[in-house]
Structure formats: structure tokens, C-alpha cells
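The block underneath contains the structure these notes are about, expressed in C-alpha cells.
Atoms within each ligand, like the ligands themselves, are counted from 1 in listed order. Treat the numbers as computed from the prediction; the structure is a model and nothing was measured.
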Amino acid sequence: MPTIHTIDPDNIDPEIMAMAASYIREGKLVAFPTETVYGIGANALDADAVARIYAAKRRPASDPLIVHISATSQLDDVVDSIPPLALALAETFWPGPLTMILKKSPRVPANVTSGLDSVAVRFPSHPVAQALIRQAGVPIAAPSANLFSRPSATSGKHVSEDFDQELDMVLDGGESTIGVESTVIDLTGDTPTILRPGGLSAEDLQAMIPELQIKTGYLSEEVAATSPGMLLKHYSPNAQVLLFSGHNESRILQAMISEAEKLESSGKKVGVLATSNQADEITTPNRVVFLLGQSGDLESISQSLYKGLRMLDENGVDVILASTPSPEGLGLAIRDRLYRSAEGHIIQVA
Ligand code: TXA
Ligand code: MG
């Protein structure tokens, strides 16, 4: 187990933070909470430290990392030029769940960006993340703190499930409040484009960028090339995920129940990610049902999504049944993560 330090975001222990910050400066790996998901941090300007992130996560070198900063003014250290739109977005949405892809500064080592001439940058709002970056005095490269292709970690406990001696320290600041990763927007092309829907809604961005494009990566190989992390097999639990989609909620529930019964009669153990309007009817003594939140309460659903996937895995289910919310607001990101965890298989309910 890595050394886990509990840290109160509202009352940060200065000794623990000083130690974590010096670890970062020494090239070590420190997992830390952000408002979206936990990250594994290393000094973004130290190529050797960054290489250790890829090794720890067993992540392909072709999947670039996000550089985290603790003030918009720190953008100058990692990007080549700052377009006016980037500054306007920073002013409106930073600190927060927005990652911007910009032209990279030569100071950023090539392995941070997988050799691309762009770099992903984010200014997180979580007080522990901010304190760590500020006190380390360097930008921090950090991917989500899960093993490659596993569901992301939204608590210190999740981080310690996936990692052992690979990490030098884990700062456990409680549960991430947003629960899905940041929204990634590419500002290097002619038209600003969302490469990954996330914690900041597309509607909020559209209000400032009417021409905004959204690429749903799993459908196009093109995006796999521009944003290599958007591979389909991602955020996957060990169990197979079956995803139900449609317009009629009660028919979706009936389809989920009959699928569960069919699977159980062939000897499978079934888990369900259920919303409040599904939980009562779908619960039976042999099923493992995780309550995501009130149906329509997208904040609760996104916050508990990865926790639910991990909990059902821990219970040893063979199959996980879930339904998709409609793609508005946070629903777009939730749908995207569920779709990937189901490896693209959706059951359409008429
Ligand atoms: O919320 C988050 O963004 C979390 C927390 C820790 O900040 N981080 C996170 O990192 O989700 P990661 O490594 O799991 O996902 C980074 C995503 C990947 O899809 C990657 O391909 C994309 O950002 N990305 C990074 N640099 C890029 C670049 N230069 N061009 C295009 N996509 C890039
Ligand atoms: Mg990730």
C-alpha cells in the first residue's frame, strides 16, 4: 500500500502539504484529490518523473497527460501563446472542470504530450490540488489515478485499490464532488472542439462559443488520433456492462428486469446501477443494486458513477445493467462514460 495521508480540504495540514510538495519537486509521484476525480501527480517539467506516471498506470506512451496549474498566469510557463478565447474561458470557468488544449511551450517535455505540439492544461478548484501545485512551485502533470482502462478514482480508497508501491504518497481529501473527469476542449484548430465531454457542460461552453463542435470520440477514429485517450475500451469494470437507452423510462426498466432474469437463469450474478425510480422494482435478494441517485439528479449520478462501477466489481458481479440519461448538461458526460464502460454496446429500447 502507498502511504495514505488523510487531509482536510478546509484545514490543510501544513506539514503533510510541505512533504507532498517536496516529493513533487524530487520527482516522486503523489496522488491527490481534485473536484473531478483523483490524479497521480508528478513535476510536469521533469521527463523522468513523468515517465514514472506512465509506468505506474501501465498507460500507453501515446496517451498524453493534462498539466495542472494553480493560477491562470501560470499558463505562460507551459503554453506557447494564449489565444483571447482561452483567456476568456479561463476567466469564466477556471478554476474548475475545464481542460484546454493549446500550443505547447518547448519547456514541456515531449512525454507529457506524447510528442504532440499541443498541451492540455487545467486549473482545478480543489483546495488540496491548488495547495500542492502552488507549494511545489511547478506545474503538475496528472492523469486520473486509476490503472489504465479501469474506472477512475473518486476517493483515496479507490486510488489505493489500484496502486501499491508505484505511488510515493496518496493525499486522501475525501470524495470528489463532480465525479467525472474535466471537459476537454481543443483550441488549436479553426473551430473550438470538445474532445471529451465532462464536468463542465457543453451548454455552458456553447453560451460563450456558438460555433463549438462536439466530437463523440468513440464513434470516430479521427478523434482516437487527435485525442488518444478517447479509445473506446475505457473506464471499464471487470464485469460486462449492458447499457439500455430509449425514451420510455418504464419500458427501459422492464427491459432491464427481463434481461436480469434471463442472465440469472443462466447462472450469472447481476449488478445494477439504478436510479431512484428503478431501485425498488429491480431489487431482489440475489441482485446487487447500487443507487446512483434520484433520476434526473445528474450531479448525484455523476458523483457516484465510478464508485458504483467499482462497488459492483468488488461484489463479484458478472454483468452490470444500467440505463443512460439523456445527453443534456452533465448527462452527456455520464452517457459517454457509461457507453465506454459498455465498450460501445447499447441496447435500444423502443
Ligand atoms: O478531470 C480530469 O481531467 C482529471 C483530473 C485528475 O484532472 N484528469 C484526467 O486525465 O482525466 P486523463 O489523463 O485520465 O485524461 C486526459 C485526457 C485524455 O483523453 C487525453 O488523450 C487528453 O486528455 N489529452 C491530453 N493532452 C492532449 C492533447 N495535447 N491533445 C488532445 N488530447 C489530449
Ligand atoms: Mg483517465
Side-chain angles (χ1 to χ4, degrees), residues 30-42 44 50 53-54 56-70 78-80 93-105 108-126 128-130 132-133 139-154 158-159 162 171 173 176-189 193-200 215 217-218 222-236 302 306 333 336-337 340-341:
V30 178
F32 62 96
T34 86
E35 69 279 18
T36 56
V37 298
Y38 274 64
I40 301 176
V50 168
I53 293 180
Y54 285 91
K57 271 195 72 136
R58 289 179 234 149
R59 174 170 171 130
S62 57
D63 190 358
L65 306 178
I66 296 173
V67 174
H68 296 69
I69 57 178
S70 57
V78 293
V79 310
D80 191 32
F93 299 115
W94 275 0
L98 175 67
T99 294
M100 296 192 236
I101 312 279
L102 296 163
K103 286 272 174 243
K104 154 190 183 302
S105 151
V108 177
N111 63 351
V112 172
T113 63
S114 304
L116 297 173
D117 61 5
S118 61
V119 62
V121 193
R122 172 160 115 80
F123 175 4
S125 66
H126 198 290
V128 173
Q130 290 187 1
L132 182 64
I133 304 160
I140 293 184
S144 51
N146 51 287
L147 282 176
F148 182 64
S149 93
R150 290 265 303 141
S152 299
T154 55
H158 292 164
V159 179
D162 280 15
L171 295 174
S176 296
T177 49
I178 296 177
V180 293
E181 298 82 351
S182 61
T183 301
V184 177
I185 184 171
D186 185 355
L187 299 177
T188 63
T193 304
I194 291 181
L195 299 180
R196 176 178 74 182
L200 178 67
K215 282 202 177 150
Y218 37 79
E222 190 193 340
V223 173
T226 46
S227 187
M230 301 316 284
L231 298 170
L232 187 53
K233 173 141 176 57
H234 223 94
Y235 315 103
S236 302
S302 77
Y306 290 131
D336 171 82
R337 304 309 187 268
R340 287 169 202 283
S341 65

### Query
Heavy-atom contacts under 4.0 Å between Arg196 and ligand 1: side chain, backbone, both, or neither?
side chain
### Task
Under 4.0 Å, heavy atoms only, figure out whether ligand 1 is touched by the backbone of Asp63, its side chain, both or neither.
side chain
Which atoms of ligand 1 sit under 4.0 Å from any heavy atom of [X]?
X: Leu116; answer: 28 (C), 29 (N), 30 (N)
X: Ala120; answer: 25 (C), 26 (N), 27 (C)
X: Leu65; answer: 25 (C), 26 (N)
X: Pro143; answer: 10 (O), 12 (P), 13 (O)
X: His68; answer: 5 (C), 6 (C), 7 (O)
X: Glu181; answer: 1 (O), 2 (C), 11 (O)

### Message
Using side chain to side chain contact (heavy atoms under 4.5 Å, CB included), reason through Leu132 and His68 one step at a time and then give a plain yes or no.
### Response
CA-CA 10 Å; Leu132 182 64; His68 296 69; over 6 Å; no
Heavy-atom nearest neighbour of [atom] within options [options]:
atom: atom 26 (N) of ligand 1; options: Pro64, Gly39, Ser152; value: Pro64
atom: atom 23 (O) of ligand 1; options: Thr36, Ile66, Val121; value: Ile66
atom: atom 30 (N) of ligand 1; options: Leu200, Ile101, Thr183; value: Ile101

### Nitrogen or oxygen of Tyr38 less than 3.5 angstrom from that of ligand 1
no
### Short N or O distance, Thr113 and ligand 1, threshold 3.5 Å exclusive
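So ligand 1 has no N or O lying under 3.5 Å from an N or O of Thr113.
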### Task
Would you check if the side chain of Lys57 reaches a backbone N or O of Ser144 as a donor-acceptor pair within less than 3.5 Å?
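Here the side-chain-to-backbone pair exists.
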### Message
Yes or no: does Ser118 have any heavy atom under 4.0 Å from an atom of ligand 1?
### Response
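The answer is yes, since Ser118 has a heavy atom less than 4.0 Å from ligand 1.
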### Task
Using non-hydrogen atoms of the residue, decide whether Arg59 is closer than 4.0 angstrom to ligand 1.
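Heavy atoms of Arg59 do come under 4.0 Å of ligand 1.
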### Query
At what distance, to the nearest 0.5 angstrom, does CG of Asp162 lie from CG of Leu147?
4.5 Å
### Message
Quick check for you: to the nearest 0.5 Å, what is the distance between Ile140 atom CD1 and Leu65 atom CG?
### Response
12.5 Å
### Task
With Arg196 as reference, evaluate Val184, Val180, Asp186 under the side-chain contact (heavy atoms from CB on, under 4.5 Å) test and give the passing residue.
Val184
### Query
Pick one: which of Pro151, Ser152, Pro197 meets side-chain contact (heavy atoms from CB on, under 4.5 Å) with Arg337?
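Exactly one candidate clears the test, Pro197.
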### Query
Do His158 and Asn146 come within less than 4.5 Å of each other through their side chains, counting heavy atoms only?
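Not touching, per the 4.5 Å side-chain cut-off.
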### Query
Can you tell if the side chain of Ser114 reaches within under 4.5 Å of the side chain of Tyr54, non-hydrogen atoms only?
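The answer is yes; the side chains approach within 4.5 Å.
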### Query
Can you tell me if Ser144 has an N, O or S atom under 2.8 Å away from the Mg ion (ligand 2)?
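Given the 2.8 Å cut-off, Ser144 counts as a ligand of the Mg ion (ligand 2).
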### Message
Quick one, Asp117 with Lys103, criterion side chain to side chain contact (heavy atoms under 4.5 Å, CB included). Give me CA distance, side-chain angles, the key distance, then yes/no.
### Response
CA-CA 6 Å; Asp117 61 5; Lys103 286 272 174 243; 3.9 Å; yes
#### Entry: Distance-minimising heavy-atom pair for Phe148 and Arg58
CB-O, 3.2 Å
